[in-house]
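As structure tokens, the structure follows; a few thoughts come after it.
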Amino acid sequence: MNFLSIFLAFILGFSFLRWVAGRFSFIEILGLSFPAGMGVVTFIMFLLNVVGIGLTQNSLLLAGGFCLVAFNLRYIIQPQKLVNAAEVVGEKQFWEVGKFNLIWLVLVMAVAGILFFVTKKSLYTPTFSTDSVSSFDLYAKAIASEGSLLNSLISDRSVGFGAAYPPLTSLSLAYAYIFGFQSSKIIPALLFISFVVAFYGLAVKNLSSTAAIMATLGLALSPELLAQSALNTTSVPQAMYASLGLIALFTWYKRKEMKYFYLAVIMLSLNGWIRSEGIVYIFTALLFVFYVHFSEKKFKNLYLLLLSLLPFVCWQLFLKMNAAIMEPFVQVNLSIVPNMDSEYMAKILRGAWKNFFHPSYYGISFYLFAAVIVINVWAVIKKKDTFLLLALILLPLVGYLFLLNQLQLKADSIENIMDASAKRFFFGTVALIWFYVFQIYPLNRFFKGLEIFLGIPEKPKHE
Amino acid sequence: MSQSARKKPYHKKKKQKKSKYESLKRPSKNWVGFLFRNAVIGLLFFLLFSTIYDSSKVKGYQWLWNNFIVSNWKAMEKYPDYTFEQRQQMKMGYFAAYLQYINKNTPDSAIILMPSPQVVDEVDQQDKKRKIGWLRSKKHTTYMIYPRKAVYADLEQDSVYMDKITHVAIIGGKQYEKLPYRVKNQPKFTVLPINPNNIK
């Protein structure tokens with residue numbers, strides 16, 4: 001039953017993406033289905049909880065099955081459409097994962113090796129990180145056992161601040177417990193695999209295969225990100241949803257394919273469904289779309305993108321409606337009045353800088369970013385798409401620092417946060433950096449040429 | 001149609017001069033060339049990677065390989081057949097072992113009086129090998145014994161459970177005074193029911 005639940009989440013995600021966005025390639029389906037599925041499953045769990053239905057195996061199977069039918073209704077009503085959809089599977093383009101050369105192959109094997117190791121470690125090691133033990137995994141156990149978000153741990157205040165985080169992480173870990181897993185670590189393991197595969201799938205739509213796999217390896221080898229990927233906390237999954245959302249948005253802009261826009265809306269919504277500060281990525285996307293459509297004065301896409309705020313708003317309403325019981329778990333308050341304390345801001349900037357160039361946290365990511373900005377400064381000024389891509393990386397970073405400046409902390413000092421926790425805030429930026437680096441003109445052109453140079457021998461043409 | 005439009009433009013056929021680098025812009029013609037090209041470029045990338053790996057500016061990659069990948073791999077290979085409980089003990093030490101003992105010796109509905117943080121500190125100082133510091137944290141303890149309730153006398157929110165306690169957690173031979181009866185053999189680490197009739 002337990003692995004059936006994982007399959008259900010995967011198939012729900014696949015069907016939802018197919019229904020909302022459209023057809024994706026094999027590698028994109030492989031990477032995106034499970035994260036989208038966990039988003040759908042946790043939103044179903046939330047809705048069931050709101051209407052007072054207990055979270056049990058039966059209620060989840062029933063609700064999941066109902067959604068599966070709803071997402072695939074057009075195929076049930078008109079089976080001919082299913083036949084047409086199945087024809088895509090026969091197309092060579094659908095299965096294309098990259099252009100073969102030996103370097104690409106070695107790098108694919110390196111990425112596969114990393115994923116194998118992280119999965120093995122994740123499944124072998126029980127939960128022990130403080131945030132997870134005191135918040136997410138503990139809360140998940142209670143949700144699974146008592147079938148409700150408002151359970152005895154909340155009334156007894158026996159759980160940490162994580163209980164007030166948007167519930168994607170806690171509910172997805174609870175989903176694993178409800179279906180009989182002894183440990184919930186299967187969830188972060190599958191999410192990390194999905195992250196890496198989906199990142200490659202989207203990167204290869206914009207870059208040559210060798211550049212895409214190199215960017216993927218650079219991301220997967222970011223030391224702190226890889227170390228955190230084996231823990232069941234919120235940071236790496238949020239980085240996944242946020243960065244994939246913005247990369248999908250850029251892909252939509254570049255390729256003019258609406259499916260990537262819908263994908264961006266889905267991923268960005270889930271980024272706000274896992275950590276509240278995910279709104280900085282959503283606001284970045286809103287600014288991006290506003291800028292793109294400003295000259296045409298057509299804002300339909302902007303309104304569509306506003307939908308990505310929906311899960312975040314739902315959770316904030318839930319917290320407000322249950323303020324009496326949930327308030328002690330809210331770690332910070334957001335001040336609307338701008339904090340003009342320059343010393344406070346300086347502490348944040350110093351802390352962030354220290355994190356970016358820390359010898360152990362992100363490897364060469366920020367060094368490479370700095371170098372690429374210098375190399376590419378002319379193209380940023382002259383080329384709109386290069387400028388927009390850089391804006392997609394810098395705006396959330398600035399937004400994050402601004403948000404930190406506006407937070408009224410209840411349990412910790414800003415120095416401690418910048419020293420101990422902030423290293424996890426920039427994982428999304430790291431993913432975007434690795435995508436950006438290979439997009440710049442000199443590198444992009446170099447790798448396109450390299451790919452031809454390294455390609456397999458051509459068959460002689462018969463005349 | 002005007003005269004000029006009818007005239008076909010005159011193009012002088014130019015001999016296209018092939019650049020000496022033209023062959024580099026095409027895949028190699030045979031498998032030997034393919035292997036050679038891939039090997040040379042692969043070697044260059046390898047040198048680049050190893051330079052980055054050895055750089056003192058980014059020690060993270062060395063940490064990742066030595067401390068994260070190799071040492072964790074060795075630990076997993078050393079004890080591949082460990083049960084979930086044993087792996088918990090491997091990570092959390094005696095803290096996990098003691099609370100697993102509580103789980104085995106109390107019902108799911110148990111409400112357990114835990115030692116105060118001061119007592120935990122005292123015992124932790126006396127017996128540093130056991131590492132029971134996490135017992136100070138109600139959340140960590142609850143994580144291990146849920147659905148049982150961990151009650152801490154010094155926490156305000158736990159006061160409602162003080163008259164409902166069913167068991168007392170004994171650590172370092174302390175807390176026997178919380179029991180309403182005398183215990184002859186006093187083990188250092190155990191859990192005992194408030195009601196003497198429930199002693200196994």
Side-chain angles (χ1 to χ4, degrees), chain A residues 101-107 113-114 117-118 120-121 124-128 130 132-135 137-138 141-142 145-146 152-153 155-160 182-183 210 214 221-224 226-227 230 328 357-365 367 449-458 460, chain B residues 24-35 37-39 41-42 45-46 49 52 55-64 67-69 72-73 75-76 79-80 82 84-85 87-88 90-92 96 108 134 137-144 146-147 149-151 155-158 160-161:
Chain A
N101 62 58
L102 287 181
I103 292 169
W104 176 83
L105 183 68
V106 168
L107 295 178
I114 291 166
F117 166 76
V118 169
K120 187 174 164 136
K121 184 190 178 301
Y124 183 87
T125 319
T127 303
F128 71 95
T130 297
S132 200
V133 166
S134 66
S135 284
D137 209 28
L138 170 61
K141 278 185 177 186
S145 171
E146 298 173 38
S152 65
L153 291 189
S155 52
D156 291 348
R157 286 200 229 163
S158 301
V159 65
Q182 189 176 30
S183 159
T210 314
M214 223 170 247
L221 277 180
S222 297
E224 193 57 35
L226 188 62
F357 297 103
H358 193 285
S360 302
Y361 291 171
Y362 312 117
I364 57 167
S365 309
Y367 290 99
L450 190 71
E451 192 144 283
I452 297 167
F453 178 70
L454 296 174
I456 52 174
E458 282 176 344
Chain B
L24 297 181
K25 294 178 186 170
R26 285 199 297 266
S28 51
K29 286 175 185 163
N30 55 46
W31 288 100
V32 178
F34 166 77
L35 286 175
R37 287 178 175 194
N38 276 269
I41 300 293
F45 277 129
F46 176 75
F49 287 150
I52 294 168
S55 162
S56 59
K57 283 263 181 196
V58 280
K59 287 176 192 159
Y61 296 117
Q62 288 174 30
W63 172 86
L64 199 65
N67 299 39
F68 186 68
I69 297 178
N72 276 306
W73 187 267
M76 289 188 287
Y79 311 109
Y82 264 19
F84 183 73
E85 281 76 19
R87 281 180 268 145
Q88 274 190 323
M90 202 164 90
K91 279 286 169 194
M92 296 191 257
D108 283 359
W134 273 341
S137 158
K138 180 179 170 156
K139 289 157 198 160
H140 280 76
T141 304
T142 306
Y143 179 78
M144 293 298 296
Y146 182 84
K149 283 191 194 299
V151 175
L155 292 179
E156 196 191 319
Q157 70 262 31
D158 284 2
V160 288
Y161 291 110

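A, B, ... follow the sequence lines: proteins, then strands. Residue 1 opens every chain.
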Q: Answer yes or no: is there a donor N or O on one side and an acceptor on the other, between the side chain of B/K57 and the main chain of A/P359, under 3.5 Å?
A: no
Q: Let me know if B/Q88 has heavy atoms under 4.5 Å from chain A in its side chain, its backbone, both or neither.
A: both
Q: Report yes if some heavy atom in the side chain of A/L138 is under 4.5 Å from a heavy atom in the side chain of B/K139; otherwise report no.
A: yes
Q. With a 4.5 Å limit on heavy-atom distance, are the side chains of A/Q182 and B/E85 in contact?
A. yes
Q) Does some side-chain heavy atom of A/V133 sit less than 4.5 Å from a side-chain heavy atom of B/W134? A) no
**Q.** Choice from B/L35, B/D158, B/N72, B/N67 maximising heavy atom contacts with chain A below 4.5 Å
**A.** B/N72
Q: Answer yes or no: is there a side-chain heavy-atom contact under 4.5 Å between A/V106 and B/F45?
A: no
Q) Is the shortest heavy-atom distance from the side chain of A/S152 to the side chain of B/K149 under 4.5 Å? A) yes
Q | Contacting region of A/S155 [heavy-atom separation from chain B under 4.5 Å] | A | neither
Q | Part of B/W73 lying under 4.5 Å from any heavy atom of chain A | A | both
Q) For the residue pair A/P223 and B/W63, what are the closest heavy atoms and their distance? A) O-CZ3, 4.1 Å
Q. Can you name the ring-ring contact (aromatic ring centres under 6.0 Å, His included) partners of B/F34, sequence neighbours left out?
A. B/W31
Q: Might you confirm whether atom NZ of A/K120 has over 12 heavy atoms from other residues, nucleotides or ligands at distances under 6.0 Å?
A: yes
Q. Which value, rounded to the nearest 0.5 Å, describes the distance between A/I114 atom CD1 and B/L64 atom CG?
A. 7.5 Å
Q.
Quick check: do A/S134 and B/Y143 have side-chain heavy atoms less than 4.5 Å from each other?
A. no
Q. Which bit of A/Y367 comes within less than 4.5 Å of chain B, counting heavy atoms only: side chain, backbone, both or neither?
A. side chain
Q | Contact winner vs chain A - B/I41, B/L155, B/T141, B/T142, heavy-atom pairs under 4.5 Å | A | B/I41
Q. Given that the side chain runs from C-beta out, which part of B/M76 has a heavy atom under 4.5 Å from chain A: side chain, backbone, both or neither?
A. both
Q | For the student: nearest non-hydrogen atoms of A/R157 and B/Q157, plus distance | A | O-NE2, 3.5 Å
Q) Picking from A/S183, A/G160, A/A142, which has the most non-hydrogen pairs under 4.5 angstrom with chain B? A) A/A142
Q: Check each atom of A/T130 against the heavy atoms of chain B and say whether the ones under 4.5 Å are side chain, backbone, both or neither.
A: both
Q) Which value, rounded to the nearest 0.5 Å, describes the distance between A/T125 atom OG1 and B/R87 atom CZ? A) 8.0 Å
**Q.** CG on B/N38 to CG on A/N101, rounded to 0.5 Å
**A.** 5.0 Å
Q: For residues B/P27 and A/I452, determine if any side-chain heavy atom of one lies less than 4.5 Å from a side-chain heavy atom of the other.
A: yes
Q) Which answer fits B/K91, side chain, backbone, both or neither, if we ask what part of it has an atom under 4.5 Å from a heavy atom of chain A? A) side chain
Q. For B/A75, is it the side chain, the backbone, both, or neither that has a heavy atom closer than 4.5 Å to a heavy atom of chain A?
A. backbone
Q) Which answer fits B/Y79, side chain, backbone, both or neither, if we ask what part of it has an atom under 4.5 Å from a heavy atom of chain A? A) both
Q.
Donor-acceptor pair, distance only, cut-off 3.5 Å: does the side chain of B/Y61 make one with the backbone of A/S360?
A. no
Q.
Once rounded to the nearest 0.5 Å, what's the spacing between atom CZ of A/F453 and atom CZ of B/R26?
A. 12.5 Å
Q.
Please report the interatomic distance CD1(B/I69) to CG(A/L226), rounded to the nearest 0.5 Å.
A. 6.0 Å
Q.
Could you work out, with side-chain contact (heavy atoms from CB on, under 4.5 Å) as the rule, every residue matching A/S145, not counting sequence neighbours?
A. B/Y146
Q: Please state whether the side chain, the backbone, both or neither of A/V159 comes within less than 4.5 Å of a heavy atom of chain B.
A: backbone
Q. Which bit of B/F49 comes within less than 4.5 Å of chain A, counting heavy atoms only: side chain, backbone, both or neither?
A. side chain
Q | Reported OG-to-NE2 distance for the pair A/S158 and B/H140, which is rounded to 0.5 angstrom | A | 13.5 Å
Q.
Please determine whether the number of non-hydrogen atoms from other residues, nucleotides or ligands lying under 6.0 Å from atom CZ of B/F46 exceeds 12.
A. no
Q: May I ask you to check whether B/Y82 and A/Y124 place their ring centres under 6.0 Å from each other?
A: no
